[in-house]
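Remarks on the structure that follows.
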Amino acid sequence: MSEISKSYEARDVEAKWYAAWQEAKCFAGKAAPGQETYTIVIPPPNVTGILHMGHVLNNTLQDALIRRARLEGKAACWIPGTDHAGIATQTMVEKHLKKTEGKGRRDLGREEFLKRVWIWRDEKGDHILKQLRELGCSCDWDRTHFTMDPGYSRAVLTSFIKLFDGGHIYRGKRMVNWCPVSLTALSDEEVEMRPTKGHIYRLRYELVEPSTTTDAEGNVIPLTHLILETTRPETIAADVAVAVHPDDARYTRLVGKAVWRPLGERIQIPIIADAAVDPAFAAGALKVTPAHDKVDFEIGQRHRLPVIDALHPDGTMNEFAGPELAGLERFAARKKAAEILHERGNLIEAKPHENNVGHSQRAGVPIEPRLTQQWWLRYPRVEEAKQVVRDGLIQMHPERWSKVYLNWLENIQDWCISRQLWWGHRIPVWYAKGIDRETLTEADLRDPTKIHVSLDGPADVENWIQEDDVLDTWASSWLWPFATLGWPDAEAQAKAGFSQFYPTTTLATGADIIFFWVARMIMAGLEFTGTGGELQPGQGAEGEGQKEQADQTSVHPRPKPLAPRLTESELKARIPFKHVYFNGIVRDKQGRKMSKTLGNSPDPLDLIVKYGADGLRFGLLQSAPLGQDVKFDEDRIESGKGFCNKIWNAARFRQISGPMSDNSSLHAILCRLDPSRCDDDDHAILTALLDTTRTLERSFADFEFAGATQRLYSFFWNDFCDWYVEVAKTRVQDPAAKDHALAVQDLVIRQFLLLFEPFAPFITEELWSLLGYAPADKRFLQDTRLDTASALAAAIAARGITADPVASERVEKLKQVASLARQLKTDQAVPQKRDVRFFVLARQAEWLALEKSAAKLARLVGAADIGRTTEKLALPAIVTPLGTLYLDTGVKIDAAAERTRLTKELEAVTKHIAGTEARLGNEAFTSKAPPAVLEGARKQLADQQAKRAELDRLLAALR
RNA sequence: GGACGCUUAGCUCAGUUGGUUAGAGCACCUCGCUUACACCGAGGGUGUCGGGGGUUCGAGUCCCUCAGCGUCCACCA
């Protein structure tokens, strides 16, 4: 045991212990037969990501949970890994290529490009996992997964095949959200609606045959054109109709007639009636452009209208937009179109207009609704996914998120899972050479001579062409909780301990990915895991039958009828996690989300250097109430560091105070206690210790981390350091009482370190070691079990010490006396010297209570001594719960000032008494309030009355 | 247009099922380097608990309503 240095140097300690933990494989997730497990899968960060404050919060929470579980004796397993992050990574590499080589991905070709991405990944990837180590995260690093690893990829492709075979997947030409920058389709979830300022253009479409309409009074008036409004005049050349509401009397006569299309080829387009048109909006007429708007597309379908696509995939106009616009970028084209319409007299006015426009979440540009061939998924197990949350098999914290979740599932839409990217899992579908992909029917998809679907591809691969598209990243990460445990390979599952660690226990993540990830994982877990007999071919018990799957190269069964609903026990076995904890978003002081572009996010690594990993962890959690956003404040982190330093010094003081006797087990420390020497302070601190232990149990059960950290803070700093250690100083100097007093401190510090370790693993480990708490055969803190409050209470009781609840009250009173004494000194402008004396005017019983504590009290308040007086003194006085306290400074009393002070005090007391009397005088109150409240009020009144009486006497004495 | 969250001290936030005189940290002021810690100790708070209404003996806490801020969902051209 070496000497503890004067201040806590976090960085040295952190590096040393992390290496030791890894060396000893402390974080390995291994379960003994029958052992309770606690599993967390990390929300896999982007493989090329950099640690930001959101990660710090999220991972600190996970680490706290997993470390606590370890201390509770559970087999804890925290599975780390990274996500290949399709679009994000591909975009990053493309940018890099452009910059360094001036090339695009198509210049390199698919194979070469992918090679470059892998090189990039190997160079820049996994950096974030190293950063998590700096933070102290106790992941089982040997289980690190990457969504593009061979095993994981196999899981992803297997899931596709299973869903395909089950009839959940289809291919279809439908409207998708197209990103003109990334050149791929996106799912609805990847589209963000943003209020966007633009213009709305009021246009006239000339009627081919002038007609008449009826005004509000029923008068028939001539009509030469239709008025309609659009925000996208550049797409007019792709208009194929104008629609009005069928019940709109203004236009009844016009339906079936035609207008001239004002841009592009001057052709006639029909006026049709469709209920999708809102007659109250603008003029009640809508230009129908099926290729460029979802609603228009649907109208087009209903009326069998042609589709004219006027845009290139990259967002520039094509030849269908007309010679004036072709080649222009879409927003330039919009301007140009408006100019042309103006020149032709079709533009009535252009008004500034703000509307919600779908933007690509990643690229930040408006998306284009675009008609393309894509792969779609009908979500499996939707009903069961609702049920498991509704029935509480999966609990969300805070609970309110389950409503958001259920609402989404109620309105769920098919998932566009194909992406026109290269970086990702290439869809395991091969088309027979020579077939036309555009015209494939649902039946063709099931025809093995036309379509081949398998893990390893067709044997005669030369006759086939593989699908170009890859899967949406989320269509791989939705398998994360079980693919990381070996699914679907039986051997891998056995090795990973699937049967023990699945379902995982808690998922900690941000609510921003509740749809992207959480909901989908639940459906995937329900669909793919489990050992029930109703499963589809190739999914036998514990993933057996995968070989069979691999052989399934030529036969694809017809879609199965919907799988039967799962039973309660199947649901329980298949859910991917039991709890979902949604942590808040870390915001800056102004409440803005922290982001790279704003530059308002501090680098966590800098903070670790400045405040230590423990300081950062503790500081952040202190300000992270359940499910509430966190406003980041560096002062909090600083206070986290300050707390660590306080703990450090308390430990150091303990070491200085006396020999470190046997600390190697709870039992050893308990044996050093001398029950006969237990005083009120011992009882009070042990009571507080048990209470803190109990609070922590509740906090972890309820995911109330802020409460937990606050409790630890106030217990250690206020209860232990500020009071217990201070009052114990007197006893520690008494050879007879010393051993006992130090044993109590050792007991408190030991339990505190165990409670604190999940939040601050480094400093606790260091002190655990320095103070000799580690048994000979168990080097690390985590090797010792954390006793529950009741177990600890029982152990202490077994040593003959039962916490005396009244002792805490007496100590509270003493604390008040100390505080009042100091107050009196400050009031009298007495510096904190010791040459003052206090006298207590106390009855015999009170004095007996005080006398025992007089010496330590004197020390606490900085007095030479505290004596008793039986008569009133002409000295500055203050009324305390244990009698009137006089301060003798040796200076003549300033009677006037004293009178003022006491009068002020008297006024406050009188006011309080009046309030209490009024309450107690109220019959409604005395008859209806519970006895405890009533008694409390009476006691309070009595106390205050006694105080008033004493103040009256003191004032009288001053005359 | 729906749904949810937030509004308490200068700042960041606690306030359990309604029950003494609403708390903590930071910041600020005063005093103190008392042999663990100046990353410390002691003392210092007159807060319309966002506004209004209601229920109740009693409301920061429950109900209604309004306002501001934030988030999510939604096809209004």
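Proteins come first, then strands; the chains are lettered A, B, ... in the order of their sequence lines, and each starts at number 1. Every heavy atom of this structure was used, including side-chain atoms; hydrogens, water molecules and symmetry mates were not. Because the structure is a prediction, the values reported are computed rather than measured.
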Worksheet entry | A:Phe643 and A:Phe618 aromatic centres sub-6.0 Å |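 Yes, close enough.
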Is the distance between the ring centroids of A:Phe700 and A:Phe759 under 6.0 Å?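 Yes - the distance between ring centres of A:Phe700 and A:Phe759 falls below the 6.0 Å cut-off.
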If you check every side-chain atom of [X], which of [options] has the closest atom?
X        : options                : answer
A:Tyr713 : B:rG25, B:rC72, B:rA42 : B:rG25
A:Asn356 : B:rA74, B:rC37, B:rC73 : B:rA74
A:Asp278 : B:rC76, B:rG25, B:rA36 : B:rC76

Using atom [atom1] in both nucleotides, what's the gap between [N] and [M] to the nearest angstrom?
N      : M      : atom1 : value
B:rA59 : B:rA22 : P     : 13 Å
B:rC26 : B:rA38 : P     : 16 Å
B:rC49 : B:rU7  : P     : 14 Å
B:rC6  : B:rG50 : P     : 12 Å
B:rU17 : B:rG2  : P     : 31 Å
B:rG25 : B:rG52 : C1'   : 33 Å

Now, which nucleotide makes the Watson-Crick or G-U wobble pair with [N], with each of the two distances under 3.5 Å?
N      : value
B:rC72 : B:rG2
B:rA24 : B:rU12
B:rU61 : none
B:rG32 : B:rC40
B:rG47 : none

Quick one: does A:Lys294 reach the base of B:rC75 with a side-chain donor-acceptor pair under 3.5 Å?
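Counting by modelled atom types and ignoring angles, no donor-acceptor contact under 3.5 Å is found here.
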*asked:* Distance criterion of 3.5 Å, no angle test: do you see the side chain of A:Glu634 paired donor-to-acceptor with the base of B:rU12?
replied: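 No, the side chain and the base share no sub-3.5 Å donor-acceptor pair.
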Using whole Å, report how far CZ of A:Arg694 lies from P of B:rU16.
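Rounding to the nearest Å, CZ of A:Arg694 and P of B:rU16 are 20 Å apart.
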- [ ] Determine whether more than 12 heavy atoms belonging to other residues, nucleotides or ligands lie under 6.0 Å from atom NZ of A:Lys351.
- [x]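 Yes, enclosed.
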message: For a quick check under 3.5 Å, do A:Thr235 and A:Lys287 share a side-chain donor-acceptor pair by atom type?
response: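 On atom types as modelled, these side chains qualify, holding a pair under 3.5 Å.
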Can a donor-acceptor pair be found between the side chains of A:Trp648 and A:Glu9 at a distance below 3.5 Å?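 On atom types as modelled, these side chains do not qualify, holding no pair under 3.5 Å.
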